[in-house]
Each structure stands twice: as structure tokens, then as C-alpha cells.
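Beneath this line is the structure, given in C-alpha cells, with notes to follow.
In the text below, chain A, chain B and the rest are named by the order of the sequence lines, each starting its count at 1. Every heavy atom of this structure was used, including side-chain atoms; hydrogens, water molecules and symmetry mates were not.
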There are 2 protein chains.
Amino acid sequence: MVGNKRQIHDPQSVKTAVLDAALELFAQHGFADTSLRSISRKAGVSHPLILHHFGSKEQLYDSVKRRVVEGYAARFPAAARDVNRPINLRVELKRILTYVGENELALKLCARTHIDGDHQVWPGEPDLLNLIQKRIEVAQAEGLIRKDLRSLQLSIMILGIAFFWLDNRRHFAARFGKAANDNAYLNTAVKMIEEGLLPRFSASKSQDEE
Amino acid sequence: MVGNKRQIHDPQSVKTAVLDAALELFAQHGFADTSLRSISRKAGVSHPLILHHFGSKEQLYDSVKRRVVEGYAARFPAAARDVNRPINLRVELKRILTYVGENELALKLCARTHIDGDHQVWPGEPDLLNLIQKRIEVAQAEGLIRKDLRSLQLSIMILGIAFFWLDNRRHFAARFGKAANDNAYLNTAVKMIEEGLLPRFSASKSQDEE
DNA sequence: TCCACAGTTGACCGAGCGGTCAACATAGTT
DNA sequence: AACTATGTTGACCGCTCGGTCAACTGTGGA
């Protein structure tokens, strides 16, 4: 703690530093494999201080998750105003790829809580799923999307295409190089989803590019 | 150990029992949160015996993962003979859904090793991805799939649609009930992927439900 | 029958864990 | 200056962990 810039009595900056350190360690190593002592070391405080501020390791974990969820909630509602407009797949996919791509730690933490059976804490879900589903239904009502496919299952597939990519893109990038990047994937995804795999008769010229 | 049916000196059945118990506990609670003692309790042996047979907790984990991978490898090669035939999306998706659906513990273990950064141990991958990609290319060569979409990205999307569903179907089933089941999802997925979302001109009469 | 050897176990070790506590440091109030 | 409330810490507790080890048990061959 020599040369520590933080004021000695500044509980708010302590809490922030602890939450930052905890998010990183929980996301990288998981709950069981992260000790309060390692978090305290990273945050530059003693480990009893964490217990003083957060009560227990479990409660600290809850606080970390809550902050992640709030971070999402603070961002997605802006998109939620579009709820009554027909979905624009390209824009929506890009929004997910961009935002989640900027928050890899949060994504990883969510994957961990998810695998541990805590389905409640999956930021943006159910909100995100609901939003997409509703906007698909609007698009169906306006004749922009065929009506014989269920909006719920379509939404799940779209999320699957997005999150599977986000979960694995590092892996794919390492294996396939530049062929595997966000934009190329996004373009192919939009084309496949909107137009399907069947051969195009009238070539592909009338596209929606934006 | 009273009433234990296993012969007292039967190292093979001990190893099997330990691997079974370890797979279940590692998959359910993760590596760090599973103790050798809990595995030994479940397997009905003492915990030093596990170390005697497997060397260390890490090596036991490796053995568990290896057995899972070998289980996949023993099953998918049968499908690999189709490598030179154009892909049949419905059959391929059904194969994945069925097999992985029957091996939820393995799926969960793979998700854990995956999130921990161990990309090597992802059964069926890269084999499964390669297989799908090649068969898409065959289909493209035969004019069954449009050629302007990259086979690699299509493969990733298809895997994403399958695995995201498998990872979350319990969650969705709890939320949406019978509307979220394997067959309905499979049907919608095949239609969306093959035909796209754009409205069908030649009406929609041949609908799913099965 | 006895022997060599692999299988198996209870007791034990050092380390690290989450959590507690008494003591100390600081800031604000009087 | 003294008091109070809160922030902060080092020392400590009981526990569980992965791993070791000497000792015991059953098996199969000489």
C-alpha cells in the first residue's frame, strides 16, 4: 500500500476498487477459485475490510453481479424504446455484438453464473429476449417477416447466433484468422437469417445495407 | 462400505466408479468446488485410493475429460462417413440435439472447461465444425446452398443455434412451457436457416407441429 | 504354505480458506 | 481537546483442502 493514491478513509473508492477487482477475478477464475485475499490484494486493501463492507463472500458476489446487471439495464433501455418498431436484424445484432463485446468480463461472469444454474442473473435476459420477440411480431404483423415461424423460437436462435459467437470468437479467430471477425460474421448472419440458404434466383442485389 | 457389491480388490470397477462420480460432481459444481473427498464418498472408496489410481486431482480431471472426448469420438465418426455428401440440416441438427441431449453431464463439463479457457477439450470440435463446413461446401458445389455465404460462418451459426438451445432449453422450457421443445425448435430452425425470414410467396400451408 | 505385490485405508501434514475480533486511525462534532 | 462513529488492520480461529505415508488386506504364483 506504499504510495497508495486513495485517501485512507474513503469507503466509496474502496468499494469500487473491490468490486472492480472482484469482477475480474470472479470472471477469470470463478467463484470457488477466487479468494477474498486475492481480491483484497488486487484492490490494495486488507481482506477483513471487504467483509466489513460487503458482509460475506457470497454478498460480495451478489454485489458484483448486481452491478453487472445494472450496467446492462442502464444501456439496453435506450434500445427498448424501439419496442414497437419492426425489428432490424442487422442493427439489433450489431448492438449486441458491440455492447457485449465491450464487456467481456461481464459476459464471462454471466456465463459462469449461468452454468452454475443461476438463470435469474443473465443480464438483458429476459428483457432482451422479450424485446426481440416483440419486435419480430411487429415485423410479422407488417408483413416483413413470414408469419409461419414462431417468434419465440426465432428470438432464441438469434440470441444463440449472437452469444455463441461472442463466447467463441477468440477461439475461432485463433483458428481461422481474419476470416473470423465480427463484421464478416454479422453480414453472413443477417443474409442467412433474412434470406435463407436456398440459392437466390434474382441474384443478390436488392439488399438492405445501411 | 457395508454391503458393497464390488469385490474388494477390483481396481477396474473402482476406476469406473470414481470416473462416474467425478464426472457428475465436476459437471455440477466445477473443478474448484469439487473435493476428492466428496468424489470418494460418492464412489464408495477412500480418498487416498483416488490419488493412488489417478495420481492427482488434476490428472483425475484430465481422465474425466478424456473419457468424455472419447465418448464423443466413438459416436460421431459414424456420421463422418457422410463427409462427402451435401449437408442435410435437419438430420445434422437432430443428430446433435439427440446425442448431446443424452449427455448433459458431458455438455456441462465441456461448457466449464470451455469457459476456463481450455479450448482444446471441446468434444466434437473441431471435428464437428469441420464436418459441417465441408458438407456445406459440397452442398454449395451441387447448387443446393447459395454460394455467396461463407461456409465457415454458416457452420458457426448452425452450431450456435444448436448449442445455445442445448445450454438453455431447461431455462426456456421453465419459462415458456411446451412451446419450447426440441422438435418445435428444430423445425423452426431448419425453416429459418434454409428458407430465410422473408415472406414466402407460395403461401405457407405445410406447417410444423409433430 | 508362504511370499511378493497391488489394492486399500486411517491418520496425519502444511497450506489456504472464510470469517471474527480487539485494537488502532481518522474525520466530524461539540 | 475530548468524544464518537466509522474505516482499517494484523492476529487469530476452526475447518477443509490436496497430498503423503506407514500399515493392513486380499490375490495369485512358486
| query | Quick one: A:L49 CG to C:dA25 C1', roughly how many Å, whole number? | reply | 13 Å

| message | Tell me the interatomic distance from A:Q59, atom CD, to C:dG19, atom C1', rounded to whole angstroms. | response | 12 Å

| remark: Side-chain contact check for B:S56: nearest option of D:dG19, D:dG7, C:dG7 is D:dG19

| task | Give a yes-or-no answer on whether the side chains of B:K94 and B:N183 include a donor-acceptor pair shorter than 3.5 Å. | result | yes

| From the list D:dT9, C:dT8, C:dG19, which nucleotide is the closest neighbour of the side chain of A:P48? | D:dT9

| task | In plain terms, say whether A:E92 and A:R95 are close enough for a salt bridge, that is, a side-chain N and a carboxylate O under 4.0 Å apart. | result | yes

| Looking for any heavy atom pair under 4.0 Å, which part of the strands does A:H53 touch: base, sugar-phosphate only, or nothing? | sugar-phosphate

| request: Would you mind reading off the distance between A:F54 atom CZ and D:dG7 atom C1', rounded to a whole angstrom? | output: 14 Å

| query | Going by heavy atoms closer than 4.0 Å, what residues in residues 29-42 of chain A are next to DNA chain D? | reply | A:R37

| field | Side-chain N or O of B:H52 closer than 4.0 Å to phosphate OP1/OP2 of C:dG7 | value | yes

| note | One should read off an interatomic distance between B:L36 CG and B:S38 OG, to the nearest 0.5 angstrom, of 8.0 Å

| note | In short, A:A180 meets A:W165 closest at the heavy-atom pair C-CH2, 3.7 Å

| Any donor-acceptor N or O pair under 3.5 Å, side chains A:R169, A:N181 | no

| Nucleotide D:dG19, atom C1' - distance to CD of B:E58 in whole Å | 13 Å

| task | Please state whether the base of C:dG19 and the side chain of A:H47 form at least one donor-acceptor pair under 3.5 Å? | result | yes

| note | Walking DNA chain D from its 5' end, the first of A:K15 and B:L51 to be reached, judged by nearest nucleotide, is A:K15

| field | Contacts of B:R67 that satisfy side chain to side chain contact (heavy atoms under 4.5 Å, CB included) - sequence neighbours left out | value | B:T16, B:L19, B:D20

